[in-house]
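Every chain is numbered from 1, with letters handed out A, B, ... down the list of sequences.
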Amino acid sequence: MSAAALRIVSSVCGRTWMKALRRPVLLSFSLAQPMIWMLFFGFLFQRYRVERPGGEIRYLDFLLPGICAMTILFGASQSGIELIRDMQTHFLGRLLNTPADRRLLLIGKLTADVSRLLAQATLVFLLGLLVGARISSSLPGLALAVVALGLFGFAFSALSCAIALLTRAPESMAVFVHLVNMPLLFTSTAFVPSRQMPDFLCLVSKLNPLTLAVGALRGSLLFQEVPSVKHSLLPLAVLALFLFGVASAALTRAAQD
Amino acid sequence: MPTDSGLLATVRSLRKSYPGGIVALDGIDLDLSARSITALTGPNGSGKTTLLRILAGRVAPSSGTVIVLGVDPASDSVSLRRRVSFISQEVALDPEMTGAQTLRLFTVLYGVPRRQIAARIDELAQSLELKRHLPIRVQAYSGGLRRRLHLALGLLNDPELLLLDEPTAGLDPAGREFLWALLKELAERSVSIAVITHDLDEVARHCHRVAVIGSGKLLACASPQTVVRDHARRMLRVTLATEALLSDPTLTQLAEVPSVNTLRVRGSELSMEILDEHPAKERIWSMLSSGNIDVRSFQVQEPDLASAYFRLTGETVEEQSRRSADGARGRRTLDREAAS
């Protein structure tokens with residue numbers, strides 16, 4: 001990437017961060033939601049033991065990576081809202097009619113969104129430790145798990161942006177949460193291990209990208225595993241690339257309207 | 001760079017239709033030259049904004065040829081986006097950003113070299129009198145200030161072709177004069193400017209050419225003086241104390257006076273084109289007096305751009321103001337008149 005391209009990405013990223021920080025209520029709400037889930041689920045299933053070959057693990061320990069990935073999913077689904085605001089003020093059209101490569105504008109925005117989501121997930125993770133979750137991690141494993149979470153966040157932020165650009169309606173974001181987030185969350189291994197799911201759900205969970213992100217983080221945080229590049233990072237990278245392409249096409253279309 | 005003939009944009013047989021059979025532009029031919037300000041004027045919905053958006057590459061034409069700076073704007077060329085600025089009618093700003101943040105972001109997007117950014121922002125802020133407002137968020141700006149910042153963003157790239165859609169809307173008289181002075185200065189620096197405006201006095205004073213568009217067709221395109229010479233007529237406007245009745249024999253006689261070309265009656269207002277000033281004026285005055293018609297005002301309007309415009313577009317002053325005041329009510333009135 002050239003210096004000029006980097007300046008475009010960092011400028012758009014800086015603007016997205018600045019706007020996020022100017023909405024502390026929204027920021028704290030998107031942080032409070034996963035924390036509430038973690039506290040409720042963590043204490044509700046305190047006595048539930050997750051079976052694992054060679055032993056059992058405490059539910060709170062099992063839950064923490066799931067909640068961290070959920071933080072990313074829920075936050076990513078709101079990414080498009082900012083684009084809808086920019087469309088309503090006609091500012092987006094203005095940005096798109098500069099000679100800057102539109103993909104760089106999108107990369108700048110998604111970079112800001114992913115870094116914010118990872119920061120939020122880190123805060124949730126620290127709170128989890130505070131309420132008693134225990135981890136046993138290795139640095140390389142954790143680093144690759146963060147990459148997996150980042151790719152997952154990038155993919156779903158791009159999807160949210162594509163939906164926002166195509167529908168242009170804030171209401172579509174609420175529909176997105178219900179139609180995409182909830183099914184994705186409850187068919188993943190975020191709350192329950194796949195071996196304790198009904199057979200059909202177990203199959204669905206294996207195809208669920210959230211399962212890949214949760215699996216990578218859980219393996220690294222609880223069992224010192226290093227996430228598989230082939231089985232978790234690569235599929236997430238392909239998904240991120242595909243959804244980025246969809247969002248880029250939607251952005252180009254928006255420039256013509 | 002302008003071509004040898006100095007043309008920056010050429011439009012030939014341009015047609016744009018939308019689904020549902022709506023024809024926005026119907027065979028437009030237009031040239032835009034360097035160092036000139038061309039006004040695009042015409043009734044609302046006549047296709048002016050569509051024409052500007054096609055020149056800016058934001059809308060693809062249905063047929064015809066459009067070449068801007070040697071490029072087809074529909075190709076969404078990056079080089080064209082660098083060399084052409086389209087300043088939309090809607091002020092497109094982010095209210096949460098300050099003026100300085102907005103300008104800085106766009107200097108980066110336009111690829112202004114890092115070392116020149118501060119100087120470029122300073123220069124524009126100075127010329128648009130924005131400097132002391134730059135640290136403030138746009139949401140605290142007045143309408144006029146927002147419009148200036150909106151314009152500043154379009155000038156950051158030093159465009160060769162500047163397309164403006166009603167840039168004076170919402171500006172106070174001082175702001176309008178300021179804007180026109182700026183546009184003249186830009187034109188002198190070899191920028192070609194196409195500007196949509198409804199203010200015909202400003203067109204006559206500031207523009208080198210005027211293109212009158214009606215129902216998607218180019219009705220006239222020449223210097224304001226030529227348009228006045230070729231299309232304007234001397235008008236006589238008479239206001240009566242009571243509503244004029246078409247059945248009144250005096251009005252019937254008026255319509256038959258040889259030097260009266262078109263007589264329009266609306267409420268208590270009469271307007272007519274007169275071919276010669278003094279004999280016609282005296283004759284009409286004596287006819288109204290002998291018909292015992294109480295006259296409140298009696299004015300001759302010399303040929304000007306407004307009368308050329310109304311003659312070309314078939315609109316009247318009343319129709320235009322009524323339409324902008326109350327579209328639906330205006331349409332009903334016109335229908336009634338047409339029926340009568």
| task | Might you work through the side chain to side chain contact (heavy atoms under 4.5 Å, CB included) test for B:L161 and B:L32, ending with a clear yes or no? | result | CA-CA 9 Å; B:L161 176 62; B:L32 297 177; 4.0 Å; yes
| query | If you count heavy-atom pairs under 4.5 Å with chain B, which of A:D86, A:D101, A:L95 comes out on top? | reply | A:L95
| Which bit of B:V91 comes within less than 4.5 Å of chain A, counting heavy atoms only: side chain, backbone, both or neither? | backbone
| note | Bottom line for A:R22: the part with an atom under 4.5 Å from chain B's heavy atoms is side chain
| How are the rings of A:F91 and B:F106 set to each other: parallel, tilted or perpendicular (split at 30° and 60°)? | perpendicular
| Where does A:R15 contact chain B at under 4.5 Å (heavy atoms): side chain, backbone, both or neither? | side chain
| query | What part of B:L153 gets closer than 4.5 Å to chain A, counting heavy atoms only: side chain, backbone, both or neither? | reply | both
| Relative to the ring of A:F41, is the ring of A:W37 parallel (under 30°), tilted (30 to 60°) or perpendicular (over 60°)? | parallel
| request: Would you check if there is a donor-acceptor pair between the side chains of B:D94 and A:T89 at a distance under 3.5 Å? | output: no
| Thinking salt bridges, do A:R85 and B:E96 make one under a 4.0 Å N-O criterion? | no
| For B:R114, is it the side chain, the backbone, both, or neither that has a heavy atom closer than 4.5 Å to a heavy atom of chain A? | both
| Structural part of A:L96 lying under 4.5 Å from a heavy atom of chain B | backbone
| From CD1 (B:I28) to CZ (B:R12), nearest 0.5 Å | 11.5 Å
